[in-house]
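Here's the structure we're looking at; comments come further down.
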Amino acid sequence: MSASEKEFAPLSLSTVRALNDKLYEKRKVAALEIEKMVKEFSTASNSAQIQQLIKVLTDEFAVSNNPHSRKGGLIGLAACAIALGKESSMYLDQLIDPVLACFSDPDSRVRYYACEALYNIVKVARGAVLGRFNDIFDGLSKLAADPDPNVKNGSELLDRLLKDIVSESTSFDLASFMPLLRERIYTKNQFARQFLVSWVTVLDSVPDINMLVYLPEFLDGLFHILADPSREVRRMCESALGEFLKGIKKSPSSVNFSNMVNILIVHCQAQDELLQLTAIMWLKEFILLAGRAMLPFAAGILTAVLPCVAYEDHRRKNIKDTAIAVNNSLLRLITTEDDLVVPTSPVEGEDKDQDKEKEREKGFLSSFSYKDKVELELAPVVDVLTRHLLHESMLTRIAVLRWIYNLHIKIPNKIFRHVDELFPVLLKTLSDKADEVILLDLEVLAEIASSPAGQRVRPAVEKSSSSQSLATGGEQAPTGVMMNTYFTKFMVSLIKLFSTDKELLENRGSFIVRQLCLLLNAEAIFRALAEILLDEEDLRFAAIMVQTLNSILLTSTELFELRTQLKDLKTKESCDLFCCLYQSWCHNPVATVSLCLLTQNYRHSCDLLQLFGDLEVTVEFLTEIDKLVQLIESPIFTYLRLQLLDAQQNAYLIKALYGLLMLLPQSRAFDTLRHRLDCLPASHLIPQHQSVQAPPPEQREHVARINFHQLIQHFQHVQAKHRTAKHPRPRHTESTASAIQLAN
């Protein structure tokens, strides 16, 4: 035997030449010869010769530098497998490895013949090839993106055959396959993605394979594929995801929701509409199926859905509606039981039993069975809400405020630990351009200010020595209204906000205060604001603020009860409130007079009007008197106008009205008030010394004990401060003083 024959043994030289030939027909003849030879070896149980033949085909042909030799080696290996039949499983590695190596051959024809060869090997080996499934799958995933159409067609034939084998198998190793799928699924190639999705769909359809268990490992990749530019790929991926979601709904107990939520949260923020909608729909189902298990992810979910509720274009309507549903479902998961404090450490022995008994008496233990397992992490939620409260969309800001409000209703004790973070942003939101936002913001702030979770205090700021109550004996009468510490902080902050944002005060000031009076105690609000304004350094702002508050007090339907309380002054508390308001109302002379008219302190009104001659009369001052005359003609002061019928009993009232008349220039308001006074009974024209009796003394018990003399002094003191602020005295320097002395 020659050296050449020994090198290629057991192949004959003619077979070797045929395998190296460039013509397929000759290589085919050689393959038939090899098939015949292998069958003879197999019949004789000569495995050594079979292994030698496979080795020669691999070393001398399949890995040869000559492309025709490689083609001959591939067809020869396929012939070996066909001849061996089921026995090919004994030589599977030797047969498959050289063929897989040719999958990456630079010659497209070699790659094609490699697909054909492996197809024949897999066809006879069937289930035995599953041990090499990952290697074959890896090769096919690359061929799916091959630029040559013939290679792609060949790989598709092999792919279908492999899918049939996997579908029939009951021993497919899914766990070993997952790392490869997780790696390959992030490919960017359209055809490779199509290949991967088709395999995921096939595996999910196999009854003995539970893909839901491993869904968290490749779900993110599927969502990336869903954004592929190809319509066909998107359709396939959407269908696959739909089937997975159906499976989750059927058997939620076998699903690891926690490992997939963050994946959905990320894709809910995608720019692609289909991807975003699908992710939000999954999130919606997760909340419905997993319930409170989603609470630890609340911050992430809110980050994803809060911007979506702001969508206004028609194309994203479904996304918006689904996001709103997710938001509402998540909010419903939080209950008042979440505010209960669970013991953090067990107590041993008898103390432990006693604690448990106490909890049973309170009825708490029944709610701890699941609360202690899943709790809402408030810190990240508050952070998300705080950031989104500054969102550009009104709808998002409204959604955030509803969250904050509901948290204060359901878990006040827990949310109050984070009020310091929320409070500044809530105050800033009062400057919002949308009325709906301001209304909700005020509801939240009112809830914070009145929440039992806060420390209860009286709604008053510390008073300076000059602002002591001027009620009887200098004692402060209690209001009976209790608020927490944030009430005072809110009132102080509100005044600061109005002082820095004059436009807000002018356009929304009345609206804000009126809403607060509906949401909280009106008396507490006016008392607190009055006490804060008493020490306001910006006197101009204080006068404007008092004018605004006075207008609200006299005209708002929300303050009917408070006006009635002040009008009658039947109690010590109401008199104290009058004195409290009076001290701040002194910043605005006309407002002070109107407060006295409202409280029926007509004699004091006359005393004040006598002092108006010393005040600077400006257009603004006259305008305020004009507005007061209009108010006197309004339903608010009906009782005052009726009192004019009894001239002798209300001489000071008539005198006060004449005082206003004398202050007014000839104008429409002057004519209105003069016509009103012309309607008085003639008896008022009788000189006082000829009257039947002098005006009666004050009949109201607590009003009679008010120190009106001190009130007048306080009024003069405040107006003096205003006069000084308007017209400061010039300060003479030493040189100026010397010059004056020399001149003298």
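Values in this document were obtained by computation on a predicted structure and should not be read as measured data.
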Q | All side-chain contact (heavy atoms from CB on, under 4.5 Å) counterparts of D614, not counting sequence neighbours | A | none

Q | Non-neighbouring partners of R387 that pass side-chain hydrogen bond (donor to acceptor under 3.5 Å, both in side chains), sequence neighbours left out | A | D383

Q: Just say parallel, tilted or perpendicular for the rings of H408 and F416, cut-offs at 30° and 60°.
A: perpendicular

Q.
Under a 4.0 Å threshold between the charged nitrogen and the carboxylate oxygen, would K414 count as salt-bridged to D338?
A. no

Q: Drop me the distance from R527's CZ to E573's CD, to the nearest 0.5 angstrom.
A: 9.0 Å

Q) Is any side-chain N of the basic residue among R676 and E633 closer than 4.0 Å to the acidic one's carboxylate O? A) yes

Q.
When you compare the side chains of Q710 and H714, does any donor N or O come within less than 3.5 Å of an acceptor on the partner?
A. no

(Q) Around atom CZ of R540, are there more than 12 heavy atoms from other residues, nucleotides or ligands closer than 6.0 Å? (A) no

Q. Got a sec: does the NZ of K567 have more than 12 other heavy atoms crowding it under 6.0 Å?
A. yes

Q.
Surrounding CD of E561 (heavy atoms of other residues, nucleotides or ligands, distance under 6.0 Å), is the total greater than 12?
A. no

Q: Enter the distance from I525:CD1 to R514:CZ here, rounded to the nearest 0.5 Å.
A: 13.0 Å

Q. Using 30° and 60° as the class limits, which term best fits the ring planes of H604 and Y582: parallel, tilted or perpendicular?
A. tilted

**Q.** Whether over 12 other heavy atoms sit under 6.0 Å from R603 CZ
**A.** no

Q) Does E436 have any side-chain contact (heavy atoms from CB on, under 4.5 Å) partners at least two apart in sequence or in another chain, and if so, which? A) M394, I398, A434

Q) Can a salt bridge be assigned to the pair R668 and D626 using a cut-off of 4.0 Å between side-chain N and carboxylate O? A) no

